[in-house]
Structures are given as structure tokens and as C-alpha cells.
Number of protein chains: 2
Amino acid sequence: MERPKFPDETIRRMPLYLRCLNRLIILGKDTLTSKELSEFLGVKPTKIRKDFSYFGDFGTRGVGYDLNNLVREIRNILNLDQEWKIAVAGISNVGCTILDHLEFNQPGFQITHAFDQDPELIGDTVRGVTVHDVTEIENQLSGEGIQLGLLAVPAIEARGVADSLVDAGVKGIINLAPIFIDLPEDVEVVQMDLSSELGRLVYHLTNS
Amino acid sequence: MERPKFPDETIRRMPLYLRCLNRLIILGKDTLTSKELSEFLGVKPTKIRKDFSYFGDFGTRGVGYDLNNLVREIRNILNLDQEWKIAVAGISNVGCTILDHLEFNQPGFQITHAFDQDPELIGDTVRGVTVHDVTEIENQLSGEGIQLGLLAVPAIEARGVADSLVDAGVKGIINLAPIFIDLPEDVEVVQMDLSSELGRLVYHLTNS
DNA sequence: TGTTGTGAACGAGTTCACAGCG
DNA sequence: CGCTGTGAACTCGTTCACAACA
């Protein structure tokens with residue numbers, strides 16, 4: 001960890017930048033300014049420049065940024081040059097569809113295991129991955145080096161399943177269940193909560 | 001808008017509080033302290049007290065907060081006493097399942113319309129709601145007073161569908177598609193992006 | 001005593017204004 | 001001249017320390 005610490009919000013924007021830059025490269029672009037990028041993403045140019053400046057001078061004054069350099073650097077910062085393996089728990093409801101849908105399957109991520117508690121689903125193959133029973137999490141994952149888990153089970157089961165994932169060595173969990181999960185310090189949990197966002201939306205609509 | 005402005009982050013936490021408080025009421029509890037709530041939600045007690053203090057003195061020193069008062073007040077602040085109607089676009093993939101799954105169907109929200117572009121789905125009934133073609137959005141929603149939209153279509157179509165929703169009078173959109181949508185000032189957009197969160201997770205795992 | 005309520009200090013992130021450079 | 005890069009000001013949110021009070 002000799003690398004300077006980047007602000008958390010900057011890190012959060014990196015995947016956005018990356019996705020946009022990749023699209024532009026495919027379209028044959030090779031240089032762009034912070035102003036252009038700003039229009040694609042709705043992020044102010046100064047914020048973009050500040051973000052990019054954290055990892056050194058990648059732009060050329062008067063010209064803009066070299067797309068390929070930028071992509072290489074962001075992938076490097078986010079550590080996407082290695083393949084990150086993901087186990088999905090709760091494949092029936094959200095798990096699989098959300099993955100497809102959010103088209104996050106950019107290079108760098110790979111779904112290797114899927115679990116559910118519905119007997120109907122166990123044994124099925126979803127997206128090329130066989131669905132196992134949630135009670136099998138530890139057995140199946142042990143020694144596989146799975147670092148990430150996507151927790152998409154109902155709230156009541158979320159804590160138990162999260163514990164299983166952690167016991168199996170998972171170090172980072174995205175929790176889609178609307179419940180707080182208390183885990184050891186060395187496990188990172190990111191909460192994605194639709195009702196929080198709905199609440200915020202409704203508040204803004206009535207107060208402005 | 002005589003009500004004092006609450007910080008955005010406070011508003012975002014309100015639905016979390018609400019959900020937890022409702023559960024506790026069902027369990028027969030009628031009073032709780034900021035410290036107890038803190039343990040349920042992983043939010044520091046001082047933050048909770050600050051949040052609650054924005055809407056006046058609802059606690060009793062030495063005792064804690066009255067659960068029913070609190071719930072009533074939060075529902076009021078979030079404007080959940082009226083019914084908010086939601087149109088879901090992209091029912092096939094995420095739309096419906098995410099709704100079920102995230103069990104956001106707390107009182108205050110109601111899904112009234114569903115749209116998709118897949119001919120296979122059009123005409124089907126999902127959760128008691130008939131699925132219509134996305135091209136029908138304006139026809140179907142006009143005059144219905146739908147305020148909210150859940151945008152769960154692929155990124156390529158997201159902008160077009162968002163425009164339709166706005167033309168039909170929708171004022172708030174939750175965008176699950178991984179693309180920035182530029183809409184008129186008076187329309188509120190909340191972005192929920194899995195890959196941003198995955199990126200953040202991976203960064204933290206490798207840098208700590 | 002126990003817990004709320006809150007001004008003040010602190011910290012993180014954004015924006016601004018402009019210096020630096022191709 | 002145009003666009004990047006950046007210290008400084010500002011804004012927003014969190015935490016702290018402690019006063020207020022049942």
C-alpha cells in the first residue's frame with residue numbers, strides 16, 4: 001500500500017468513467033477532454049480533473065486525456081487486471097438477473113458459484129453456473145479463493161447466509177437485502193437499498 | 001415548504017430507521033434508546049440522535065424514544081402517508097424481482113403499471129399488474145398521476161424509456177441501468193449502480 | 001443516574017480561481 | 001488560446017464534549 005489513498009467518492013466514480021471510456025474507445029475515439037466526459041456522465045469537469053489528478057498527470061494541457069492511458073490506469077487502480085471471482089447467493093430472485101441486467105460483467109469480474117435455498121432451483125444451471133443449496137456454501141467455496149459475494153436472499157435469511165460466505169473466506173459482500181449485517185472488521189460490506197433511495201426520491205419530490 | 005431542510009444523508013437513513021422501528025413495534029416494543037437502535041443498524045448513536053433532533057424533541061431524556069411517535073413522524077417527513085404510485089419499466093429482468101426481493105413494499109408505495117419490450121411478456125400479469133409494451137407508456141400513464149418510475153431496462157434503451165416516462169408525467173426515477181440520463185431540472189433521478197459498488201469493494205479489499 | 005439534545009470542532013468532498021503548460 | 005492541474009475556500013456531514021433534564 002505505497003499508493004496514495006484516493007477519496008472514497010473518487011473510487012466510486014471510477015467504474016463510471018471506465019465504462020464510458022471503454023465505449024468511446026470502441027467508437028474509435030482516442031482523446032477526450034474533461035468537458036466532453038462531463039457531458040456524458042453528468043459530473044462536473046473540475047471534479048473529473050480532480051479525480052484524474054490523484055493518480056498523476058495523465059492529461060495534456062490544451063488537448064485532453066489519452067483514452068487508452070486513462071483506461072489502463074483506472075483498471076490498474078481498481079485492481080481489475082486480476083479476475084475477481086463472485087459467489088451469488090439467492091439466484092432465484094435478483095441475483096442472476098441483476099447481474100445480467102446491470103451488465104457489470106466487464107472484464108475483471110466472473111461469477112463462479114451460485115446458491116439458493118429453493119429445492120426447485122438446486123441443480124439447475126444458470127448462466128453456465130450450477131446452483132447449489134445455501135447450506136453447501138462452505139463446502140463448495142472452500143479453497144476456491146472466492147473474494148466477493150452478492151447477497152440477494154430475503155432479509156430474514158441474509159445474516160445466516162452472510163456468515164456462511166464469510167466462513168468460506170469471502171472478504172467483500174454486496175448486500176441487496178434490506179437489513180444491516182454485522183460482520184468482522186476485515187470483511188467489507190456495501191449496502192444497496194432500494195427503499196432508502198425511494199424514500200429520498202419521495203422526499204425531494206415533495207420538498208422542492 | 002415551511003419545514004426545515006433535513007440533510008440529504010439524514011433523509012437517506014430514514015427508511016432504514018422506519019423499517020427497523022416497524023419490526024420492533026410488531027415484536028411488542030414501545031420504547032428504545034439511540035444506543036439500542038445503533039446496534040440494530042450499525043449507525044452511531046450520536047448520528048441517530050442528531051438525525052432525530054432535526055424534527056424536534058421526540059425523545060425523553062433518561063428513557064429513550066417512543067416508537068409510535070417516531071414512526072408517525074418519520075412517515076410524515078418522508079411523505080409516506082399518501083400512496084406513491086410506481087411504474088416499472090423492464091419487468092422481465094430486474095424490475096419485478098427486485099421489488100419483491102427488496103421487500104420495499106412497505107405501506108406508502110404501490111406498483112400500478114408495468115412495461116417491457118419483450119413481446120413474450122406483453123399481456124402477462126405480473127404481481128397483479130398487466131405488462132404493456134414500452135411504446136405504450138405515454139398512453140397508459142396519461143392522467144393516472146404516476147409520480148415514480150423504476151427504470152430497469154438495458155442501458156441502450158434507458159434514455160428513450162426515461163424520456164417516455166417523463167413525458168407521461170413521472171417526476172422521480174430510480175435508474176438501475178448503468179448509464180447517465182440527462183433529464184429536465186424538475187425530474188429527480190437516483191442512480192443505483194452495481195458496478196460502482198463492486199469497484200469500490202475491490203479497491204478496499206486490495207488497499208487495506 | 002441515564003439518555004437526549006446541541007453547539008463546536010473536525011473531516012471529507014466539492015467548487016472556485018487561477019497558475020502552468022502544450 | 002485551450003485545457004489540465006491544484007491550493008484555497010467553501011459546503012456538507014460526522015463526531016465530540018457536555019449541558020439539559022426526566
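What you see is a predicted model; the values in this text were computed from it and never measured. Chain letters run A, B, ... following the sequence lines, proteins first, then strands; residues in each count from 1.
Rounding to whole angstrom units, CD1 of residue A:I48 and C1' of C:dT14 are separated by 13 Å. Between the NZ atom of B:K35 and the P atom of C:dG5 there is a distance of 17 Å, rounded to whole Å. Straight-line distance from the CD1 atom of A:I11 to the P atom of C:dA12: 15 Å, rounded to whole Å. We find that CG of B:D51 is positioned 7 Å from P of D:dT14, with the value rounded to whole Å. The distance between atom CG of A:N69 and atom C1' of D:dT4, rounded to the nearest whole Å, is 15 Å. One atom, CG of B:L37, and another, P of C:dT4, lie 10 Å apart when rounded to the nearest Å. As a whole-Å value, the separation of B:K47 NZ from D:dT15 P is 5 Å.
Contact check, B:Y65 against D:dA22: no side-chain N or O comes under 4.0 Å of OP1 or OP2. Contact check, B:T60 against C:dT4: no side-chain N or O comes under 4.0 Å of OP1 or OP2. For C:dT4, one of the phosphate oxygens OP1 or OP2 lies less than 4.0 angstrom from a side-chain nitrogen or oxygen of B:R49.
The side chain of A:S53 lies closest to D:dT6 when the candidates are C:dG13, C:dT6, D:dT6. Checked against C:dT15, D:dT14, C:dG13, the side chain of B:E9 finds its nearest nucleotide in D:dT14. Each of C:dT14, C:dG2, C:dG20 was ranked by its minimum atom distance to the side chain of A:R61; first place goes to C:dG20.
For A:E188 (side chain) and A:K171 (main-chain N/O), no donor-acceptor pair under 3.5 Å exists by modelled atom type. A donor-acceptor pair is defined here as one N or O able to donate and one able to accept, closer than 3.5 Å; no such pair exists between the side chain of A:E197 and the backbone of A:L194. Without hydrogens or angle criteria, B:R200 side chain to A:R12 main chain gives no donor-acceptor distance under 3.5 Å.
Toward the 5' end of DNA chain C, the nearer of the two residues A:R13 and A:V63, judged by each one's closest nucleotide, is A:R13.
Using a 4.0 Å heavy-atom distance criterion, A:F58 is classed as a sugar-phosphate-only contact. At a threshold of 4.0 angstrom between heavy atoms, the contacts of A:K50 include nucleobase atoms, whether or not backbone atoms are also involved. Residue B:S34 is in sugar-phosphate contact alone, with no base atom involved, counting any heavy-atom pair closer than 4.0 Å across all strands shown. Among the heavy atoms of the strands, none lies under 4.0 Å from B:R12.
The ring-ring contact (aromatic ring centres under 6.0 Å, His included) with B:Y65 is formed by just one residue from the set B:F52, B:F58, B:F55; it is B:F52.
Within the helix from C:dT1-D:dA22 to C:dG22-D:dC1, the inter-axis angle between the opening and closing five-pair segments is 0°, rounded to 10°.
For A:N22 and A:R19, the side-chain atoms include no donor-acceptor pair closer than 3.5 Å.
Closest non-hydrogen pair, B:Q140 versus B:E144, comes out as O-CG, 3.3 Å. The shortest heavy-atom contact between B:P15 and A:G199 is CG-CA, 4.0 Å.
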